[in-house]
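All remarks here apply to the structure that follows.
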Amino acid sequence: MDSLEAALHKHFGWRDFRAGQRPVVEAVLEGRDALAVLPTGGGKSLCYQLPALVRQGLVVVISPLVALMEDQVLQLQRRGIAAACLHAGLDAVRRQQAFAHLRDETLRLLYLAPERLQGEATQRMLENHAESGHLVALAVDEAHCISAWGHDFRPDYRRLGLIRRLCPGVPMLALSATAAPRVRADIIRLLALRSPLVQVSSARRDNLHYAMQRRPRDPMPQVLEALTLSQGASLIYARTRRSVERWAERLQEQNVDATPYHAGLDPETRQLALTRFLEQKRPVLVATVAFGMGVDRGDVRLVLHLDLPATPEGYLQESGRAGRDGLPAHCLVLFSPGDRTSLGWAMQASARKKGSNDEQRRLDLAQQQLRRMEAVAEGEICREQALLLAVGELVDPCGRCDRCCGPVQRRDWSTQAETLLSHLHDLDGTDMRRLGEHLALKEPGRGDRWTWLARRLVQEELISESNDGVQRLYLRESGRRFLDAPWPLDYAA
Ligand code: ADP
Ligand code: ZN
C-alpha cells in the first residue's frame, strides 16, 4: 500500500509517516474502529485527515475547543483542503457555507463542538451522509475528555455514545495524547468502540529537557535565566489571569517583549497576541494553561510553569507544546510547597459552588492527581520516568532532565523530622500552617521549610493528613516508631 505514502506526499508534502500514524490510517480505511494514543506533536490530526482525502469523502471530527477547531480549519484551507466547523460562536454566513459544502459533498473535514450533536439538523445531516456512504469516519479528538479519570473531564463528551447509534456502520476513531490504561478503557467503553485497533505510541519525547525547581519568593532571576538559555519562542504559564497580567508587565519592565494571553481578554487583543506569538522570531507569551491546545508553532524552545501543574497528564500535554519540531527544548517547573494547598482550595471552592456528589468525587480525584504531580516535583527519580509512570508507562531514565544530569544534593533530615514529629505528638491534628508557624518561631523565616518537610513525611507515611478544608496532620504508628528509634531520612533539598 505505498499509495498511502503517495497520498501523504501529495496532500501534505511529507515523505514518511510518523510512528503510529500509518496503522491508524489503515484501520480507518478498512472500516475498523481505532483508539490512537500519540504524544502531543505526534501528528494525531493526520490520522483522520488523510482518510478523508484518500476516499474523497467526509470525516466528522468532534473537538472540545473552538480555538482548536478554528485553527485546524485554517491550516487545512491553506493547504487547499475543504474544511469547516460548526460551533455556537459561528455567524450565519459561515454556517450556511458549511451546510452548502456538505450538501454538494465537497467538504472533506467538518469539525463539530460536542454540544452540536444535540441539534436535530446536525443529527439528520450525519444520518444522511452515513446512509449515502459519503461519511468515511467519525473522529473524537481529545477523547480522554470522556473519562472522569482523565485530567480534563467534559460532561458534553458523555453523550458522544449517541453518534454511534446515528451512524452504526461508520468507523470511529478516538484520539488522545495521554491516556492512562484506566482512561483508555473508559474511552472504549463509553464510545462503544468495536474491537478497535489500539495504537499506543510512547509518550517519550527525546528532545525535551525537564527540570523542576523550588520557587524562591521572587523567581524573576530564574525566569530571566531560562529565557536567555532558550533563545527562541517561549511559553510561560501562570495559574490566574491576574498573575498572567502581572508577569507580563514585570517582564516588560525587564525589557522582555512579553505578551499576556488569557480568556478574559477581548477577542481582538487575544487574536493579536496569538498572531504575534506565531509570527515573531523570539516571542514570549505569558498565558493561563487553557491556552495553546491548537497553537501550531513547532519551534517553541521553552515551556515554563510558574506554579505546580495540576496533574501529570495535563503537564505532559502542556510541556509537550515545546519542541514539536524535534529539536532540543526546555520544560521548567517552578513550584512551591504551598502550591498544592492553594490549588486544592481553589478546587474546593469551585466544587462547593456546584455542590453535587459527583462534584465531590471529582474533587477527590483532582486532589489525588495534585498529590501525584507534587510527588513528581519533590521526587528524586528521572522527571520523564516519573511523569510517564504517573500515566501508566514504564520507561528508562531519560538522561537529559535535571535529576538525570544534575548532582542531587542530599542530606539527612532525621533530626528535623524528629523535632517535627514530636511537635505533632503534642499537637496531634494541628493544621499544616499552624505547625509550620509553630516550628518557625525557633528558626525565623524558615516556615516554608517545615511545611515542605511535613509533606515529605506524609509521602514517607510517617504522618497522615485529612483534608476537610484545613490540612490536619496526624502522627501515624510508623511515626511513633520513628520517634522511639529514628532512622536516617535522605532527601534532596
Ligand atoms: P498533535 O495533534 O498530535 O499534537 P498535530 O496533528 O498538530 O499533532 O501535528 C503536529 C505537527 O506535526 C504539525 O505541525 C503537523 O503538521 C506535523 N506532522 C504530522 N504528521 C507529519 C508527518 N508524517 N511528517 C511530518 N510532519 C508531520
Ligand atoms: Zn531524566
Side-chain angles (χ1 to χ4, degrees), residues 4-25 36-51 53 59 61 63-65 67-69 71-76 78-79 81 83 109 111 139-144 173-179 199-212 278 292-300 303 316-327 330-333 376-377 379-389 395-408:
L4 272 189
E5 267 80 14
L8 178 70
H9 190 246
K10 174 174 161 211
H11 295 289
F12 295 92
W14 302 320
R15 299 240 163 244
D16 302 299
F17 283 103
R18 290 209 179 137
Q21 286 178 329
R22 198 179 209 280
V24 177
V25 171
V37 181
L38 307 184
T40 308
K44 280 181 290 298
S45 30
L46 181 95
C47 298
Y48 53 79
Q49 289 168 351
L50 195 60
L53 301 168
V59 168
V61 188
S63 177
L65 279 186
L68 189 73
M69 289 188 228
D71 196 70
Q72 292 228 357
V73 168
L74 254 169
Q75 282 173 39
L76 285 164
R78 273 195 210 131
R79 291 184 192 278
I81 298 167
L109 285 137
Y111 289 81
V140 178
D141 207 1
E142 313 289 348
H144 56 268
L173 166 60
L175 308 110
S176 173
T178 49
Q199 175 69 43
V200 181
S201 298
S202 170
R204 286 204 85 147
R205 294 281 306 277
D206 290 343
N207 57 327
L208 298 190
H209 297 244
Y210 291 104
M212 301 183 184
L278 291 177
M293 287 183 94
V295 173
D296 194 16
R297 176 157 184 152
D299 62 345
V300 173
V303 172
L316 277 169
Q317 199 159 61
E318 287 145 25
S319 61
R321 290 167 195 157
R324 301 210 296 179
D325 55 5
L327 298 173
H330 289 264
C331 306
L332 174 63
V333 172
V376 173
E380 281 140 36
I381 69 165
C382 164
R383 305 299 190 183
E384 188 171 55
Q385 194 176 39
L387 284 164
L388 294 191
L389 209 54
V395 298
D396 287 332
C398 73
R400 296 177 308 276
C401 71
D402 57 345
R403 284 292 183 255
C404 284
C405 299
V408 179

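Throughout, numbering of the chain's residues begins at 1 and tracks the sequence. Whatever order the structure lists them in is the order used to number ligands and atoms, beginning at 1.
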What do we get for Ala177 next to ligand 1 when only non-hydrogen atoms under 4.0 Å count, side chain, backbone, both or neither?
neither
Is it true that some N/O/S atom of Cys382, main chain or side chain, lies under 2.8 Å from the Zn ion (ligand 2)?
yes
Option whose closest heavy atom lies nearest to atom 3 (O) of ligand 1, chosen from Arg22, Glu5, Lys44:
Lys44
SG (Cys404) to the Zn ion (ligand 2) to SG (Cys401): angle, nearest 10 degrees?
100°
Working note: Arg205 + Glu384, criterion salt bridge (Lys or Arg N to Asp or Glu O under 4.0 Å); need CA distance, chi angles, decisive distance, verdict.
CA-CA 9 Å; Arg205 294 281 306 277; Glu384 188 171 55; over 6 Å; no
Near Pro39, which atoms of ligand 1 are under 4.0 Å from a heavy atom of that residue?
3 (O)
Given Arg15, Arg79, Arg18, Arg321, identify the one with the heavy atom nearest to atom 17 (C) of ligand 1.
Arg18
Would you call Lys44 and Leu38 a side-chain contact if the rule is heavy atoms closer than 4.5 Å?
yes
Side chains of Asp299 and Leu327: closer than 4.5 Å at any heavy-atom pair?
no
Within the 4.5 Å heavy-atom criterion, are Leu68 and Asp141 side-chain neighbours or not?
yes
So Gln49 and Gln72, do their side chains get closer than 4.5 Å, heavy atoms only?
yes
Measure the shortest side-chain to side-chain distance between Cys398 and Tyr210 over non-hydrogen atoms and say whether it is less than 4.5 angstrom.
no
Gln385 side-chain N/O to Val395 backbone N/O, donor-acceptor pair under 3.5 Å:
yes
Quick one: look at Leu38 and ligand 1, take heavy-atom pairs under 4.0 Å, and tell me if it's side chain, backbone, both or neither.
neither
N/O to N/O below 3.5 Å, does that happen between Arg324 and ligand 1?
yes
For atom 16 (O) of ligand 1, which candidate among Phe12, Trp14, Phe17 holds the nearest heavy atom?
Trp14
Against ligand 1, does Asp16 come closer than 4.0 Å with any heavy atom?
yes
Pick whichever of Ser176, Ser45, Gly42 has a heavy atom sitting closest to atom 5 (P) of ligand 1.
Ser45
Do the side chains of Leu53 and Arg79 get nearer than 4.5 Å, heavy atoms only?
no
